[in-house]
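In what follows, chains carry the letters A, B, and so on, assigned in the order in which the sequence lines appear, proteins first and then strands, with residues in each chain numbered from 1.
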Amino acid sequence: MNLAPVVLTLKLATITTVLLLVVGTPLAWWLAHTRRRIKPAIEAVVALPLVLPPTVLGFYLLIALSPNGIVGGLWQQVAGSALTFSFTGLVVASMLYSMPFVVQPLQNAFVANGSRYLEAAWTLGSRPMESFWRISLPLARRGYVNAIVLGFAHTLGEFGVVLMVGGNIPGKTQVLSIVIYDRVEALDYATAHVLSAGLLAFSFAVLLIVYVLNQRPVQASA
Amino acid sequence: MNRFESSFRLRRGDFMLDTALDVELNGVIGILGDSGAGKSTLLRCIAGLERARGELHIGDTVWQDDARKLFVPPWERGAALMFQDARLFPHLSVEGNLRFASREPRLREAGIVSERVIEALSLGPLLKRAVGGLSGGEQQRIALGRAVLSAPRLLLLDEPLASVGNAHKREILPLIRAVADEFQIPVMLVSHSIPELIEISDQMVIMKSGAIAAHGSINDVLINLHEYSYGGDQTGCVLWTKVVGHDEENHLTSVEFSGQHLLIPYRRSDIGQTVRVHILSRNVSIATRRIESGFSVLNVLEGKVQEIRDIATQSGIVDLVIDIGAPLVATVTRRSLAEMRIAVGDIVFAYCKAAAL
């Protein structure tokens with residue numbers, strides 16, 4: 001059996017999750033602390049992928065990322081290749097698609113921690129960046145675990161957006177869910193079964209590990 | 001020694017903080033007031049956590065000066081604020097909390113030895129513990145240690161006894177005093193309890209609905225409590241006396257104050273050590289001559305009547321201020337005063353029960 005789609009899928013989910021943590025942390029932090037009036041609008045935009053059919057999101061992404069689109073055109077000039085039907089394009093699309101699954105748990109964790117401990121750290125002479133690394137980040141541990149799991153799992157299962165933006169190019173954009181669809185269409189149920197069961201087992205295992213780990217309190221052990 | 005000069009104006013809904021405070025930054029400064037008087041808000045303004053309009057100078061250092069658009073952020077001030085709820089970092093052990101802000105060069109410069117701090121606050125046995133499951137008193141001791149180890153220029157304590165069980169309340173105040181004395185860190189201590197503040201303050205500030213109602217040395221403030229119509233029943237004076245001996249059998253300690261002697265309930269202090277004695281004005285009786293025998297009261301202090309003050313709220317009584325080297329206050333009835341014909345300048349004998357000290 002061809003393992004390329006499995007590897008590609010894991011690679012896509014990993015890269016997407018890591019990039020989302022980098023982008024999502026400051027965004028979630030800002031959303032958790034800002035009093036700006038624009039906050040609900042930003043929150044709504046971040047949450048859009050939760051309610052939009054993936055095909056709608058995919059359609060607009062296809063237009064934006066294509067060489068004639070704003071983003072795609074810029075990218076073409078800088079990188080020299082098209083974003084659509086490429087792995088990079090898939091990463092960009094996946095990031096938008098999985099954004100709420102990463103940003104929301106982080107935002108909730110930052111809100112729950114409030115500024116009580118930060119204030120204490122500040123008056124002890126700890127600068128904001130240092131306080132973030134030493135106080136806010138460890139206290140938001142659960143939020144990060146949830147964000148990583150949900151972001152990763154959600155990217156694994158994506159279908160509609162990928163199909164619209166990435167197409168079905170083996171080794172480049174052909175991810176697991178699309179292969180499964182492909183196999184079912186071709187009445188190759190055996191391969192579809194193996195891939196589906198594998199994805200099911202993997203997803204369950206990851207979620208189980210996370211929830212077991214999450215049972216432990218955040219408090220430092222003695 | 002530094003001067004603390006500040007003025008703050010801050011509106012929060014119906015509440016308005018409007019303070020001007022200028023004090024010598026030395027020892028323990030007690031800030032007294034009812035809840036809602038703005039004590040905590042004032043501390044937050046000093047720490048830089050609240051941005052009021054105004055200014056704040058510590059000696060030559062400017063922490064805030066609106067006219068010059070200067071506002072030093074909290075992490076650059078060195079004003080460690082210890083919160084009512086301790087706010088120990090839950091993901092760190094006790095030791096992790098203590099080490100959080102402890103930097104060797106800064107400690108060395110301030111002459112603070114970490115081991116001494118841990119010893120003075122009896123934190124040794126707690127070091128390896130997690131912060132969950134600590135008692136309120138333990139949490140406050142750790143928070144105090146954590147603050148001292150950040151080598152602050154100023155220590156701000158917000159109701160440090162509020163979350164401490166009654167059994168341990170008495171342990172914390174001497175520790176705060178010890179920290180101020182041994183590590184030479186000026187302390188601003190907020191409380192709504194006069195007895196707590198009287199026990200350790202050198203200066204006292206009274207706050208009322210967002211403003212400073214009075215401030216001065218502790219005796220200046222205690223003499224005038226009636227005037228501020230704040231806790232008038234605590235009017236009195238604090239004497240810094242020297243221990244001269246112990247009467248173990250009768251469980252008494254003998255102390256001396258400017259040549260006169262007093263007996264007080266036993267205190268575990270070495271001979272020669274200074275102890276505070278707080279004498280409440282309503283526990284002082286006045287005689288025009290020494291009573292030689294047949295009288296249970298053990299202590300008599302001789303002094304000259306300095307002032308007779310009316311108490312506006314209670315017309316039947318007056319406060320006599322008697323100079324015994326410090327302004328001792330005695331609350332007596334007008335009738336006694338009239339019958340004894342006491343006037344300013346008279347020598348009188350102030351009696352106070354040892355049991356009431």
Colleague: Please flag which part of B/R87 lies under 4.5 Å from any non-hydrogen atom of chain A: side chain, backbone, both or neither.
Modeller: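 Both backbone and side chain of B/R87 come within 4.5 Å of chain A.
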Colleague: Which residues in residues 101-117 of chain A have a heavy atom less than 4.5 Å from any heavy atom of chain B?
Modeller: A/R116, A/Y117
Colleague: Which atoms of B/A79 come close to chain A, meaning under 4.5 Å heavy atom to heavy atom: side chain ones, backbone ones, both, or neither?
Modeller: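 It is the backbone, since no side chain atom gets that close.
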Colleague: How about A/F59: does its CZ atom have over 12 heavy atoms from other parts shown lying under 6.0 Å from it?
Modeller: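 No, the 6.0 Å shell around CZ holds no more than 12 heavy atoms from other groups.
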Colleague: Counting neighbours of CD1 on A/I70 that are heavy atoms of other residues, nucleotides or ligands and sit closer than 6.0 Å, is the number greater than 12?
Modeller: no
Colleague: Is the side chain of B/H91 donor-acceptor paired with the backbone N or O of A/R134 at a distance under 3.5 Å, no angle test?
Modeller: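 Yes: the side chain of B/H91 pairs with the backbone of A/R134.
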Colleague: Is atom OH of A/Y144 surrounded by more than 12 heavy atoms (other residues, nucleotides or ligands) closer than 6.0 Å?
Modeller: yes
Colleague: Please, which pairs that meet side-chain hydrogen bond (donor to acceptor under 3.5 Å, both in side chains) have at least one residue in residues 35-45 of chain B, sequence neighbours excluded?
Modeller: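 Every pair satisfying side-chain hydrogen bond (donor to acceptor under 3.5 Å, both in side chains) with a residue in residues 35-45 of chain B: A/E119-B/R44, B/S40-B/D158, B/R44-B/E50.
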Colleague: Taking atom OH as the centre, does A/Y181 end up with more than 12 heavy-atom neighbours from other residues, nucleotides or ligands that are less than 6.0 angstrom away?
Modeller: no
Colleague: To the closest 0.5 Å, what do you measure between CG (A/L118) and CH2 (B/W75)?
Modeller: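 Going from the CG atom of A/L118 to the CH2 atom of B/W75 covers 10.0 Å.
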Colleague: Where on B/F100 is there a heavy atom nearer than 4.5 Å to chain A: the side chain, the backbone, both, or neither?
Modeller: both
Colleague: For the candidates B/A101, B/P152, B/A80, which exhibits the highest count of non-hydrogen atom pairs separated by less than 4.5 Å from chain A?
Modeller: B/A80
Colleague: If you check every heavy atom in residues 16-42 of chain A against those of chain B, which residues fall under 4.5 Å?
Modeller: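 Checking residues 16-42 of chain A against chain B gives no residue, so none.
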Colleague: Tell me every residue that passes side chain to side chain contact (heavy atoms under 4.5 Å, CB included) with A/F202, counting only those two or more places apart in sequence or in another chain.
Modeller: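 Here the qualifying residues are A/L10, A/F152, A/L156, A/V206.
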Colleague: For B/L149, is it the side chain, the backbone, both, or neither that has a heavy atom closer than 4.5 Å to a heavy atom of chain A?
Modeller: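 Interface part for B/L149: neither.
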Colleague: If you measure from CG on B/L81 to CG on A/L124, what distance do you get to the nearest 0.5 Å?
Modeller: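 With rounding to 0.5 Å, CG (B/L81) is 9.0 Å from CG (A/L124).
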Colleague: Quick check on the interface: out of B/L156, B/D85, B/V94, who has the most heavy-atom pairs with chain A under 4.5 Å?
Modeller: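 If we count pairs closer than 4.5 Å to chain A, B/D85 comes out on top.
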Colleague: Return the OG1 to CD1 distance between A/T123 and B/I46, rounded to the nearest 0.5 Å.
Modeller: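 Reported value, rounded in 0.5 Å steps: 12.5 Å.
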Colleague: Between B/R103 and chain A, which part of the residue has a heavy atom less than 4.5 Å away: side chain, backbone, both or neither?
Modeller: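 Side chain of B/R103 only, per the 4.5 Å heavy-atom cut-off to chain A.
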